[in-house]
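In what follows, a structure is listed as structure tokens, so that the remarks can point back to it.
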Amino acid sequence: MKGKNQHVVPRAGCWAVKAAGNRRATSTHPTQRQAIKVAQRIARSQGMEMLVHGRNGRIRERSTYGRDPYPPKG
């Protein structure tokens with residue numbers, strides 16, 4: 001895999017798109033919907049996963065845009 005998973009997280013009254021493991025946000029947006037659109041575009045282009053966090057910080061949704069084997073092995 002060539003990129004990092006993209007997280008949509010709450011940040012000081014707005015929503016941030018942040019790559020996994022990075023300290024700084026890739027971008028910030030006034031609404032969660034706008035942040036999700038940006039995170040989806042990045043995750044699709046990198047073949048990664050997008051994780052949407054709720055206001056409480058817990059993951060509430062995830063979407064995989066890479067090679068996700070179906071059915072899973074094992």
Side-chain angles (χ1 to χ4, degrees):
M1 295 189 165
K2 57 184 174 180
K4 295 181 177 182
N5 290 339
Q6 299 297 310
H7 293 258
V8 175
V9 296
R11 177 178 280 179
C14 61
W15 292 89
V17 176
K18 188 175 168 193
N22 289 2
R23 289 184 183 195
R24 300 181 77 187
T26 304
S27 60
T28 57
H29 307 273
T31 67
Q32 187 182 46
R33 182 173 296 185
Q34 291 172 334
I36 289 171
K37 285 182 181 181
V38 171
Q40 281 177 331
R41 191 173 1 173
I42 295 169
R44 281 187 178 125
S45 71
Q46 295 181 355
M48 301 307 293
E49 189 170 27
M50 178 192 66
L51 298 96
V52 179
H53 297 254
R55 291 195 185 278
N56 62 2
R58 296 179 73 184
I59 295 171
R60 67 174 183 87
E61 179 184 334
R62 64 189 324 149
S63 298
T64 302
Y65 297 101
R67 295 182 183 208
D68 189 19
Y70 187 80
K73 293 181 181 179

Who pairs with [X] by side chain to side chain donor-acceptor pair (under 3.5 Å), at least two apart in sequence or on another chain?
X: N56; value: none
X: R62; value: E49
X: R60; value: Q32

Residues forming a ring-ring contact (aromatic ring centres under 6.0 Å, His included) with H29, sequence neighbours excluded: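 Here no residue qualifies.
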
Nearest heavy atoms of T26 and A19, plus distance in Å: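 Smallest heavy-atom distance, with atoms named: OG1-N, 4.1 Å.
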
Where R23 and R11 come nearest, the two heavy atoms and their spacing: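 For R23 versus R11, the nearest heavy atoms are O-NH2, 4.0 Å.
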
To the nearest 0.5 Å, what is the distance between [atom1] ([X]) and [atom2] ([Y])?
X: N5; Y: M50; atom1: CG; atom2: CE; result: 11.0 Å
X: T31; Y: W15; atom1: OG1; atom2: CH2; result: 10.0 Å
X: Y65; Y: Q46; atom1: OH; atom2: CD; result: 13.0 Å
X: S27; Y: Q6; atom1: OG; atom2: CD; result: 8.5 Å
X: R44; Y: S63; atom1: CZ; atom2: OG; result: 8.5 Å
X: Q34; Y: T28; atom1: CD; atom2: OG1; result: 10.0 Å

Any side-chain heavy-atom pair of I36 and V52 under 4.5 Å: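 In contact.
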
Whether E61 side chain and I59 backbone form a donor-acceptor pair below 3.5 Å: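 Looks like no, no N/O pair under 3.5 Å.
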
Pairs involving residues 32-55, ordered by first then second residue, that meet ring-ring contact (aromatic ring centres under 6.0 Å, His included) (sequence neighbours left out):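 Listed once each, the pairs are H7-H53.
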
Transitive ILVMFWY cluster of V17, excluding itself - 4.5 Å side-chain cut-off: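 In the cluster with V17 are V38, I42.
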
